[in-house]
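Here is the structure we will look at, set down as structure tokens.
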Amino acid sequence: MRSIGNKDSDCTRWAIFVPLKENLMSSRPVRVRFAPSPTGALHMGGVRTALYNYLFAKQHGGKFLLRIEDTDQTRFVPGAEEYILEALAWCGISPDEGQGVGGPHAPYRQSERKPMYRQYADQLIAAGNAYYAFDTPEDLELVRERAKAAGNPNWQYNSITRTAMKNSMTLPAEDVERRLAAGEPYVIRVKLPRNEEVKFQDRIRGWVSVNTLNLDDKVLLKGDGMPTYHLANVVDDRLMEISHVIRGEEWLPSAPLHILLYRFFGWEAPEFAHLPLLLRPDGNGKLSKRDGDRLGFPVFPLHWVSPETGEVSSGYRERGFLPEAFANMLAFLGWNPGDNRELFSLAELVEAFNLDKVHKAGARFDFEKAKWFNQQFLRALPAAELAQKVAADLTRRGVAVPAPHVLEGACSLLLDRAVFPQDVYENGPYLFHAPHGYDPDMMGKKWTDTSAEHLRVLAQRFATVEPFAAEALESNFKSYLAESGQGFGQLGPVLRLAITGVTVGPSVFETMGLLGKTESLERIESICRAH
RNA sequence: GGCCCGUUCGUCUAGCGGUUCAGGACAUCUCCCUUUCACGGAGAAGAUCACGGGUUCGAAUCCCGUACGGGUCACCA
């Protein structure tokens, strides 16, 4: 691979004519990755990171990879990886390459790549950019405690303190050899320069600069031989030819370390983009896994039951969200196209997305807006698809699913007041079965001594209406009102109560038309008998 | 606490030096439509662009401070 950003005279001359960024973009095929850790359910912030990666890749005709970062074996949670795969699939942002789909750089699970990292750590040691450290966890804990007692709450293993620790920088070479040969446990730490400004250009934040004085000698290879995130992520991104690292802002503080590692390896670093965080709607802090159901909305794409605690968390899918609505909503938490458009299919998002227009500040999540997105998508759904979703909901409730034309009719009648598929039943149970009761409040207000009498006459008249459809029913009803000298407000609500049990909802005549003559007349008779 | 990042209506945001005493969406309120609810339509209210200094003929837009918020400081990612 030819590196572009170098300081040979050719490139300098070049840069006069070609902006650097364009230059980089055209020289490298876009390959991005989403690299979650399977420590539990993937939360919506993670899904958004995956989404942005996916959109960016697709827009540039590149590849979107999924890599599982499971180097911490103590945090393994069964089912988590499957959950991640399923969640991404549900959102429609499946990887082109990676865990679950395979590809030229397999394996994509870091635990299975374990043997590969060692040589890179050795390479760093050989070049003097890393060293062995024999301090036990207990040693470190002790040092930290002492430092804390002495007024330093944040002891770091760095260019100063490492001189007082047990490592290959302080121990005699023979001693190090002996310990290594004896199989004494050790870690490999990066050896950071003492006082150096590390600068890099973040795609979203511009130039970010940190002095190594504030960084520490992070562990690269752990005592169990596994790499830490810092080593694994840099090595894998290099091996997998990742062109852009798009990840959450929580990684920003360690980005300078990663930049340094690329430099130590002599590799060209990918371009970085650190995404703003998703903040909780109430109070302070980032949206966390624990915030979900407590605040009345899901934080996970799919329903999740923790295998350790048995704790159940609700998911957007089960809540009735449409995947494209969920993706649209998520995309707009931190990004927008710059005009006033808000509704985008996934394909349209791919078209419109622009990493440079991602907002810098964290976005506070608003469930009301999320519902609005779903409502918009629900209304745009083809009738048959909506009917299918509603049928599934009815089945879950143990309610008989009506004939297709009736089901679709019910859907179209209730669509305007539904945000989720299940709202069709919740707002109009009477379309699927006779009312289980009558709104007592409205009965008190509208039902009179003569109501039953009028309804029975109406029923007789309705019986003659053929076909039994809204228009004819309504004119029939109105002519009866005129003949009996009543206003709509007197009999209308009563008729509605008879048919639906409540006084709100779509046109009562449309409802009767859908229910059919037999059912409608039966309901009228029922309320009369009962009162 | 150190370091890093951020700060435009309640919320998500547009804005990238002048046509903006700041536009859209959600939420809120009013009216119309519907003799119901919702949808839809029209409108209202809502941001002295965190604050203070600069730079400039001119700043929400550039620079510097301050405040506030967030992130991060593990043999976790």
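Convention: sequence-line order gives letters A, B, ...; per-chain numbering from 1.
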| query | With sugar-phosphate meaning primed atoms plus P, OP1 and OP2, does A:Asn427 contact a base, only sugar-phosphate, or nothing at under 4.0 Å between heavy atoms? | reply | nothing
| message | Which is more 5' along RNA chain B, the nucleotide nearest A:Glu197 or the one nearest A:Phe134? Just name the residue. | response | A:Glu197
| Nucleotide B:A74, atom C1' - distance to CG of A:Asp72 in whole Å | 10 Å
| request: May I have the distance from A:Trp207 (atom CH2) to B:C5 (atom C1'), rounded to whole angstrom? | output: 17 Å
| For the pair made of CG in A:Leu257 and C1' in B:G71, what is the distance, rounded to whole Å? | 17 Å
| A:Asp217/A:Lys191 salt bridge by N-O under 4.0 Å criterion | no
| field | Nucleotide opposite B:G18 in a Watson-Crick or G-U pair, distances under 3.5 Å | value | B:C57
| said: Output the rounded distance in Å from CD (A:Gln156) to P (B:C75). | reply: 11 Å
| task | Starting from C1' on B:C3, measure out to CG on A:Leu260 and report it in whole angstrom. | result | 15 Å
| message | Parallel, tilted or perpendicular: which one describes the rings of A:Tyr425 and A:Phe432, with boundaries at 30° and 60°? | response | tilted
| task | Output yes when a side-chain donor or acceptor of A:Tyr132 lies under 3.5 Å from a complementary backbone atom of A:Val187, and no otherwise. | result | no
| request: For residues A:Phe477 and A:Phe488, establish whether the separation of their ring centroids is below 6.0 Å. | output: yes
| query | How long is the line joining CG of A:Asp224 and C1' of B:A74, in whole Å? | reply | 14 Å
| query | Using a distance-only test with no angle check, is there a side-chain donor-acceptor pair under 3.5 angstrom linking A:Asp236 and A:Tyr117? | reply | yes
| said: Does B:A77 have OP1 or OP2 under 4.0 Å away from a side-chain N or O of A:Thr71? | reply: yes
| task | If B:G1 has a Watson-Crick or G-U wobble mate with both distances under 3.5 Å, name it; if not, just say none. | result | B:C73
| query | Rounded to whole angstroms, how far apart are CZ on A:Arg144 and P on B:G2? | reply | 19 Å
| query | Among the nucleotides B:C73, B:G71, B:C5, which one has an atom lying closest to any side-chain atom of A:Leu252? | reply | B:C5
| task | Output yes when A:Lys389 and A:Asp393 qualify as a salt bridge under the 4.0 Å nitrogen-oxygen rule, no when they do not. | result | no
| field | Watson-Crick or G-U counterpart of B:G46, or none if no pair lies under 3.5 Å | value | none
| field | Flag, side chain of A:Thr212 to backbone of A:Pro193, donor-acceptor distance under 3.5 Å | value | yes
| Which sits closer to the 5' end of RNA chain B, A:Trp251 or A:Asn214, going by the nucleotide each is nearest to? | A:Asn214
| said: Applying a 4.0 Å non-hydrogen cut-off, can you work out what A:Val187 is touching in the nucleic acid: base, sugar-phosphate, or nothing? | reply: base
| field | Flag, side chain of A:Thr161 to backbone of A:Gln156, donor-acceptor distance under 3.5 Å | value | yes
| said: Applying the side chain to side chain contact (heavy atoms under 4.5 Å, CB included) criterion to A:Val299, which one of A:Leu42, A:Leu287, A:Val47, A:Leu278 satisfies it? | reply: A:Leu287
| field | Annotated protein contacts, base or backbone, on nucleotides 35-51 of chain B with a non-hydrogen cut-off under 4.0 Å, one of B, S, - each | value | BBBBSS-----------
| said: Could you check whether A:Arg189 makes a cation-pi contact with A:Tyr157, meaning its NZ or CZ is under 6.0 Å from the centre of the six-membered ring and within 45° of the ring axis? | reply: yes
| Can we say A:Glu348 and A:Arg341 salt-bridge, meaning some charged N sits less than 4.0 Å from an Asp/Glu carboxylate O? | no
| query | So what does A:Thr136 touch, heavy atoms closer than 4.0 Å: a base, only the sugar-phosphate, or nothing? | reply | base
Please write out each protein N/O paired with an N/O of nucleotides 6-13 of chain B under 3.5 Å, distance rounded to 0.1 Å.
from  : atom 1 : to       : atom 2 : distance (Å)
B:C12 : OP1    : A:Arg364 : N      : 3.0
B:C12 : O2'    : A:Phe332 : O      : 3.0
B:U13 : OP1    : A:Gly334 : N      : 2.8
B:U13 : O3'    : A:Asn336 : ND2    : 2.7
B:U13 : O2'    : A:Asn336 : ND2    : 3.1

| task | Measure the distance from NE2 on A:His258 to P on B:C4 and round it to the nearest whole Å. | result | 17 Å
| Looking across every strand, which nucleic acid part, if any, lies under 4.0 Å from A:Lys371 by heavy atom: base, sugar-phosphate, or nothing? | nothing
| request: Select base, sugar-phosphate, or nothing to describe what A:Pro153 touches, counting heavy atoms under 4.0 Å on all strands. | output: nothing
| Across all strands, who's sitting opposite B:C9 as a Watson-Crick or G-U wobble pair, both distances under 3.5 Å? | none
| field | Any strand: nucleotide that pairs with B:G65 via Watson-Crick or wobble, under 3.5 Å | value | B:C51
| field | Watson-Crick or G-U wobble partner of B:C31, both distances under 3.5 Å | value | B:G41
